[in-house]
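One structure is given below, encoded as structure tokens.
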Protein chains: 2
Amino acid sequence: MSENEKLTEEKIFEAATVVFEEEGLSGARMQTIADRAGINKALLHYYFRTKDHLFEAVFTKLAKKMFSKFNPIFEKELSLEEKIRFFFREHISFMQHNPKLPGFIINEINHNPQRIKKLLSNIDFKKLWSTILEHHAHELYKYNITEENLPQIMTTIASLSVFPFAARGILEIVFNNYGVNFDKYIEDRKTFAADFVIKAITK
Amino acid sequence: MSENEKLTEEKIFEAATVVFEEEGLSGARMQTIADRAGINKALLHYYFRTKDHLFEAVFTKLAKKMFSKFNPIFEKELSLEEKIRFFFREHISFMQHNPKLPGFIINEINHNPQRIKKLLSNIDFKKLWSTILEHHAHELYKYNITEENLPQIMTTIASLSVFPFAARGILEIVFNNYGVNFDKYIEDRKTFAADFVIKAITK
DNA sequence: GTCTATAGAAGGATAGAC
DNA sequence: GTCTATCCTTCTATAGAC
């Protein structure tokens, strides 16, 4: 039955997502995924042929999910300051619900840059980022933003948001020792990062 | 001969460092390490017994190397602004020579937080970070730094420095598309990040 | 479509000669 | 200390019954 097939395929996909996120491609085991999905190994191969096919499917889905979260920056009708606040609030909220995602994506891309290329290489970042300069041309007199320092600024914003999750393992040890709760720290970060960036780029 | 033994053990250790950094624990193969060291698998086990022992040795060495680079912040006799500039210059220079290190450390700690705990858990971060407030007490009137926001500020500084290397795989694709050279970007980042932080924390 | 059983390859680890 | 040969387990993948 197609309905049932959909269900099984989804069960497998969801199990694979969890296991790959947790263990990475090389660390994940087909047996672990099968167990988690409540089926046997043979079925995995029936639906996805090989481990690499299964991983590819999961990775593509997750990478799109991750990167699509940057889109609102280029679309929303907000002032630059509102947009920055909006981004940190939304992006960090997203990662609160997907805390393993950043580390997973970053790690797998470093291990195999080729895999992401076909997903990103058709995006014209030069053009995309330039829309920021255009959309906010009327208020840029307030800020130190130029086409030249845009890569620094954009990666700075990304790093402030993503790094705490990617490096969570380390931060939790440091914080635990310092007496800080990670979840509280993350909640605070939504406004701290926004304030920090706005202060830094304002003339 | 002890001299010769030292040489072989070092050859293995160096080969293992490269392979583990590149492939991670689960992705690395003893055969690959042996090939790179120019010896056979059996010798690996003669010197390090198991793959896990070998990894532990490499990881500990690299983690210490990485974290020790943060020490000057707490030791140098510099003004806060000079110290921030010093940190980004030195830390980014260090990673220019060890570009795979941040991603490797972060990833392995996320996969096995326990491994790093015995390395970091005896450090009193509360006390360590407080020394900053003490050392620079006389100039803190200029800055928005308190014991409460110190975790946010410290992790912000770390992220600005570390993230570009950890996420290098992604940034290179974005930059390549944007027409930016990664090495140039990194060189610029030493001063950009310092300026950015100083601007943001200054009252 | 789902299962059991198993093939076949790879990888970590050891035995034993030199 | 270093090598070759090999054991044994683990893992991906497939064959074949239902």
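If you're wondering where the values come from, they're calculated on a predicted model, not measured in any experiment.
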- Please determine, by modelled atom types, if B:K51 and B:H45 share a side-chain donor-acceptor pair under 3.5 angstrom. no
Could you tell me how far apart [X] ([atom1]) and [N] ([atom2]) are, to the nearest whole angstrom?
| X | N | atom1 | atom2 | result |
| --- | --- | --- | --- | --- |
| A:D35 | C:dT4 | CG | P | 12 Å |
| B:F48 | D:dT2 | CZ | P | 12 Å |
| B:L44 | C:dT14 | CG | P | 13 Å |
| A:Q31 | C:dT6 | CD | C1' | 14 Å |
| B:E9 | D:dT2 | CD | C1' | 15 Å |
| B:Y47 | C:dA13 | OH | C1' | 18 Å |
| A:L43 | C:dC3 | CG | P | 5 Å |
| A:E56 | D:dT12 | CD | C1' | 18 Å |

Please pick, from [options], the nucleotide with the shortest atom-to-atom distance to any side-chain atom of [X].
| X | options | result |
| --- | --- | --- |
| B:Y46 | D:dG1, C:dG12, D:dT4 | D:dG1 |
| A:K41 | C:dA15, D:dT12, C:dG12 | D:dT12 |
| A:K51 | D:dT2, C:dG12, D:dT12 | D:dT12 |
| B:R29 | D:dA15, D:dC3, C:dG12 | C:dG12 |

- Please check if the distance between the ring centroids of B:F74 and B:H135 is under 6.0 Å.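 No, ring centres 6.0 Å or more apart.
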- Task: Determine whether the aromatic ring centres of A:F104 and A:F20 lie less than 6.0 Å apart.
- Result: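 No: the rings miss the under 6.0 Å criterion.
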- Task: May I ask you to check whether over 12 heavy atoms, not counting those of A:K64, lie within 6.0 Å of atom NZ?
- Result: no
Would one find a side-chain N or O of [X] under 4.0 angstrom from OP1 or OP2 of [N]?
| X | N | answer |
| --- | --- | --- |
| B:H45 | C:dA13 | yes |
| A:T8 | C:dT2 | yes |
| B:N40 | D:dC3 | yes |

- For B:A28, report the nucleic acid contact type (base, sugar-phosphate, nothing); a contact means any heavy atom under 4.0 Å.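 Sugar-phosphate, no base atom in range.
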- Item | Pairing of A:E22 and A:K100 as salt bridge, 4.0 angstrom limit | yes
